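Data first, discussion second: the structure below is written as structure tokens.
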Amino acid sequence: MLKEKNKLSRRDFLKATGALSVGSILTAVNPLTEAAAGPQKVPTRPFGKTGINVPILSFGGSLDTSMSLLLLRQAFNLGVTYWDTANTYMGGKSEKGIGKYLEKYPEDRKRIFLVTKSHAWTLNGLSQDLDLSMERMKTDYIDLFFVHSVRSISDMDDDTKKWADKKKAQGKIRFFGFSTHSNMEACMLGASKLGWIDGIMMRYNYRRMHTDDMKRAVEACARAGIGLTAMKTQGGGPVNTDSDTELKLAGRFLRKGFTDAQAKLKAVWEHPDISCICSEMPNMTILMSNVAAALDKTKLSVRDIGLLRQYAQETRSHYCAGCADICESSVQGNVPVSDVMRCLMYARSYGNLQRAKTRFQKLPVITRRQITLTDYSLAEQRCPQKMAIGKLMREAVKEFS
Ligand code: SF4
């Protein structure tokens with residue numbers, strides 16, 4: 001009877017989780033109250049050739065998780081047991097919060113696929129970061145260890161392979177790979193030829209997934225048995241309503257019972273070779289909305305996907321595709337255009353001005369000066385997204401300095 005009472009239609013479920021009231025979601029749509037059957041869990045997929053099945057939704061931990069233990073608990077109970085963090089997230093507070101959680105619920109550790117990353121540029125630095133991450137998270141192993149923000153596959157050299165093999169032999173890491181925000185397709189293709197990369201996390205969304213380069217890169221990684229985690233799946237934020245296609249999209253998804261954010265997740269899950277979506281879920285509303293999308297089995301129609309592609313094309317000049325080699329070679333490597341675009345994305349699409357400023361201010365002073373002095377006309381000519389690079393670079397300096 002209780003089970004029957006809690007059984008909501010897909011439409012009701014998505015509607016409820018698309019609403020803004022956390023309280024109403026938790027009382028009206030709480031799978032944890034399904035006492036008889038237990039909570040529904042997010043489905044899983046194989047992660048490359050690791051032999052591990054991971055949930056299709058990962059908890060993106062770029063937040064102070066020590067303030068979010070209830071959120072982590074809820075994620076765990078709903079099967080969101082792939083947790084992604086990095087030693088730099090929130091100055092270490094993200095990893096420390098996970099440590100707090102694991103101290104409280106040590107029995108959960110074996111069911112969590114724990115991923116962290118290091119920005120270190122030396123092998124010694126990687127070792128130090130790995131040890132610090134384990135100490136902070138109160139664990140004696142990391143499931144998947146990423147080198148963070150790789151821009152060129154040449155970073156994955158023989159010494160790095162030896163380092164990864166050694167740490168695996170010591171039992172400190174189970175799997176090794178990298179995350180990439182720039183030149184993703186080239187990095188992925190390169191990794192597929194190496195034979196020792198277990199996993200990659202890359203920017204992947206309805207804007208990028210249809211390009212020939214990305215399709216080739218995903219196919220090559222899948223053939224090589226590399227597990228793929230998609231990030232930045234919202235492709236630059238919510239659908240606005242200042243064009244016909246945008247209006248059509250927003251209205252169309254709402255009529256079907258989706259929000260546009262849920263539709264964008266679904267578009268990525270359509271590709272069977274994407275094992276998982278890593279999504280930043282800073283509150284219960286977003287967690288529940290994402291879980292609802294993961295549990296829902298309705299596929300997007302051909303028309304839905306066509307409209308998303310049309311929207312991507314119409315708004316391409318607002319989205320940096322991360323093809324850094326194109327624009328940065330046009331400014332003689334003086335300005336890390338792709339990194340500055342990433343700061344703009346954090347501020348404008350994710351509403352996280354602090355994160356944008358922190359990243360921007362890490363650029364050397366000389367580079368920041370160079371940003372305003374550089375001529376971007378050649379870069380703008382070559383940019384496949386036709387972005388107003390010069391204007392955006394100047395705006396970044398003004399907003400983040
Ligand atoms: S600014 Fe243009 S060329 Fe540069 S990374 Fe972004 S999309 Fe590519």
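For this chain, numbers begin at 1 and follow the sequence in order. Hydrogens, waters and symmetry mates play no part in the numbers below; they use all other heavy atoms, side chains included. Remember, predicted model here, so these are calculated numbers, not experimental data. Counting starts at 1 for both ligands and their atoms, following the listed order.
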Is atom 8 (Fe) of ligand 1 less than 2.8 Å from at least one N/O/S atom of C383?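 Short answer: no, not a single N, O or S atom is under the cut-off.
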Considering heavy atoms of the protein only, find what lies nearest to atom 7 (S) of ligand 1 and give residue, atom and distance to 0.1 Å.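 Here the nearest protein heavy atom works out to A321 N, 3.3 Å.
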Among protein heavy atoms, which sits nearest to atom 4 (Fe) of ligand 1, and what does the distance come to when rounded to 0.1 Å?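 Looking only at protein heavy atoms, the one closest to atom 4 (Fe) of ligand 1 is C327 SG, 2.3 Å.
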With a cut-off of 2.8 Å, does C320 put an N/O/S atom close enough to atom 4 (Fe) of ligand 1?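 Not a single backbone or side-chain N, O or S atom of C320 is under 2.8 Å from atom 4 (Fe) of ligand 1.
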Do F47 and F113 make the cut of ring centroids closer than 6.0 angstrom?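 When the ring centroids of F47 and F113 are compared, they turn out to be within the sub-6.0 Å range.
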Number the atoms of ligand 1 from 1 as they appear, then name those within less than 4.0 Å of a heavy atom of G322, with their elements.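 Near G322, the atoms of ligand 1 are 5 (S).
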Per-atom contacts, ligand 1 versus A324 - under 4.0 Å to a heavy atom: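 Atoms satisfying the 4.0 Å criterion: 5 (S).
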Would you say [Y] and [X] are linked by a side-chain donor-acceptor pair, where the criterion is simply a distance under 3.5 Å?
X    : Y    : result
S401 : R368 : no
T211 : D213 : no
T85  : E95  : no

Cation over ring, R151 on F178, under 6.0 Å and within 45°?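 That pair does not qualify as a cation-pi contact.
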Can you confirm if the NZ or CZ of R73 lies within 45° of the ring axis of Y105 and under 6.0 Å from the centre of its six-membered ring?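 R73 over Y105 ring: yes.
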Heavy atoms only, cut-off 4.0 Å: how does C323 contact ligand 1, side chain, backbone, both, or neither?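 It is both parts that get close, each with some atom under 4.0 Å.
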